[in-house]
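Worksheet: the structure to be examined is printed underneath.
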Number of protein chains: 2
Amino acid sequence: MSDVARTAGVSVATVSKVVNGRYGVAQATVERVQQVIHELGYEASLGAQSLRSHRTNVLGILVAEFEPFSTELLKGASREVAGSGYQLLAYSSGDGEGAAIGWERRSLARLSGTLIDGAVIVTPTVIETKHGFHVVAVDPHTGPSGLPTVDSDNFAGAVLATNYLLALGHRRIGHISGRPDLESARLREAGFRKAMADAGVAVDERIVRVGGFRTESAAGTAAELLTLPDRPTAIFAGNDLSAISTMDVARSMGLTVPDDLSVIGFDNIPESALVNPPLTTIMQPLQRMGAESLRLLIDLIAGVERDTHIRLPTELVVRASCRAHP
Amino acid sequence: MSDVARTAGVSVATVSKVVNGRYGVAQATVERVQQVIHELGYEASLGAQSLRSHRTNVLGILVAEFEPFSTELLKGASREVAGSGYQLLAYSSGDGEGAAIGWERRSLARLSGTLIDGAVIVTPTVIETKHGFHVVAVDPHTGPSGLPTVDSDNFAGAVLATNYLLALGHRRIGHISGRPDLESARLREAGFRKAMADAGVAVDERIVRVGGFRTESAAGTAAELLTLPDRPTAIFAGNDLSAISTMDVARSMGLTVPDDLSVIGFDNIPESALVNPPLTTIMQPLQRMGAESLRLLIDLIAGVERDTHIRLPTELVVRASCRAHP
DNA sequence: GAGTGATTCGAAAACGTTATCGATACCGAT
DNA sequence: ATCGGTATCGATAACGTTTTCGAATCACTC
């Protein structure tokens, strides 16, 4: 910056004003300085800016892992950030079930404190929100975090899914749920039970089990369900990953979907349209959720008054993994 | 930091030494200071550190867009970075074909100069490498960039794919290539031509066309090829995305894969195993490429002497999208 | 031509670190 | 006692910005 100042024949103070568009510098000077900045290819040092002004115009989005779900969110978020004047940085907290939580939490806190103005978190990782640092949670960890939140209507979606299965004539419906410390997983299970109860169908506790939201863990649970003497005729999987995993397991056991078993998922990740058979599922508007969370974060930083809990609607997407029960 | 210093009864200089593990502070003092750091939850300011020492222990990885290809790379990279003492930040350069290139380039340059110690770039975006800033390119833009590079053997992989099709008895083989300014795209086309020539089969120029590496653009090209009076019996698509797109187009035209048309892809993104029929393709070890590029970057920063061009092998993955030509 | 207000600019402090280097204390040996 | 050497520690100057505030200039007005 002092280079710029020298060659433009002004002081660093003036250069700073020009860079930040502050009032109080003559038009002629502005142009001259901008010219020099362009020629010299000057870029302000983020570190120094942050140090002095506690503002970097950089936002973070923290995901547990790079998988389809978070990737969709990222797409939406990075589309929203374009043109907002902010820069978006994504980081993964490491493994989902992760080992080195301590280390990750620490380095995360470091970034937060000093280098980004706010963050969207898409992971159960708890983060202590320092003063002046904004964070919004997507699909958050259970419990009264009090954080601004973006999610979809998991409960209603689960009711949708279950009702669809019921309407097809299924009565023995199994459920593979996510980790119970995930709010979304609990809501989906609750929606499932509600729909069953409303239809007057008793749920057999032996065929609702925790499977986790990840491919491998769900596979084990699916295998358990399907080897039961009187196996379910339909399964509502807690998310698409476990639904896909369930279909794999079914196939490997000689069962064909949807003839021998109906499967419905939740999320509508892009993969769901590709698998064979294409997966019937509940759509969450993932990209839109990503975009909304970023918009919320930006508004929060700007101090605009607004609703800090956004719930987006879910929708049934009928494809080919379910059929009527004879 | 001065808070820590005060409550521990030492100077900030000593605290700094403790934080960085420098020699020259008594064991007792180290422990006391660490105790206080822990109690106060002190975290060093990245900005200030960067400002003073020009080192942040943060690495960046820049992708054009969050799609399956780069997501796999990200996975590999974030796995490799764990335990290395570095933190990894991902950013998307915005849209692949992107509008606001200028703005992106600028903010990218800002990050580079001040906030990260080095970067892996997975995009044709050119980046001027300032002094002391290391970058390694994955699957890089064409031309003699001189950058350290990680890629896979695109040429050999294309030969593999073409030979496979030839061995199945196909002679009318079409090729949908990527943007010609991508080195990988050119190499794949070159490999295709080489294999054809070696087999003594003439390539019909009307059935090798640029389709781009993206779903939508490839669909158009695929449609053109398949409506030709004597359409190809097999298509070697430049990457999996366009292969999948080609299968979609074929299906929508009433053609069944592989009976009426064989399709082979390139990359082996996870989706390829899921589509119907499962896609035969050439595997690039994407996660490994991500990991290797990060390792290379770290080594470069550490100043270790090593080979700066890494080429990983490709492999034929036979699934169900190709069959013998009658 | 002196006074007034508006405009434009720059000197300097501060942000939170790290590196240098001199100061101090302590130890054993002469 | 004095001294040389070691271990330990702290004062201080940077690093590149932003911000405040006073100084300087200028254009007017009476």
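Residue numbers start from 1 in every chain, and the chains themselves are labelled A, B, ... in the order their sequence lines are given, proteins ahead of strands.
- Distance, B:Asn20 CG to C:dG16 P: 17 Å, rounded to whole Å.
- Every side chain to side chain donor-acceptor pair (under 3.5 Å) that A:Glu31 has, sequence neighbours left out, goes to A:Gln27.
- Among the protein residues, B:Ser45 comes within range of the sugar-phosphate backbone only, with heavy atoms under 4.0 Å from sugar or phosphate atoms but none that close to a base.
- When the C1' atom of C:dA14 is taken as reference, atom CE of B:Met1 falls 17 Å away, rounded to whole Å.
- The CZ atom of A:Phe66 sits 7.5 Å away from atom OG1 of A:Thr71, with the distance rounded to the nearest 0.5 Å.
- A close approach under 4.0 Å does occur between a side-chain nitrogen or oxygen of B:Tyr42 and OP1 or OP2 of C:dT17.
- One N or O on the side chain of A:Ser53 and one on the backbone of A:Gln49 form a donor-acceptor pair closer than 3.5 Å.
- When the salt bridge (Lys or Arg N to Asp or Glu O under 4.0 Å) test is applied to A:Arg55, no partner is found at least two apart in sequence or on another chain.
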- What is the per-nucleotide protein-contact pattern of nucleotides 9-15 of chain D, from the 5' end, where B denotes a base atom under 4.0 Å from a protein heavy atom, S denotes such proximity for sugar-phosphate atoms only, and - denotes neither? BBB-BBB
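- One atom, OH of B:Tyr23, and another, P of C:dA19, lie 17 Å apart when rounded to the nearest Å.
- Residues satisfying the side chain to side chain contact (heavy atoms under 4.5 Å, CB included) criterion with A:Val36, sequence neighbours excluded, are A:Val4, A:Thr7, A:Ala8, A:Leu40.
- Inter-axis angle, ends of the helix from C:dG1-D:dC30 to C:dT30-D:dA1, five pairs per end, rounded to 10 degrees: 60°.
- With rounding to whole Å, A:Arg55 atom CZ is found 24 Å from C:dA14 atom P.
- The shortest distance between the side-chain N/O atoms of B:Gln49 and the OP1/OP2 oxygens of C:dT18 is below 4.0 Å.
- Looking at every heavy atom in both residues, A:Ala48 comes nearest to B:Leu51 through CB-CD1, 3.7 Å.
- B:Leu46 has its CG atom 10 Å from the P atom of C:dT18, to the nearest Å.
- Atom CG of A:Asp3 is separated from atom C1' of D:dT17 by 14 Å (rounded to the nearest Å).
- Residue B:Arg22 places none of its side-chain N or O atoms closer than 4.0 Å to OP1 or OP2 of C:dT18.
- Between A:Pro148 and A:Leu300 the shortest heavy-atom distance is CG-CD2, 3.6 Å.
- Minimum heavy-atom separation, A:Leu297 to A:Gly118: CD2-C, 3.8 Å.
- Under the side chain to side chain donor-acceptor pair (under 3.5 Å) criterion, A:Lys75 pairs with A:Glu72, not counting sequence neighbours.
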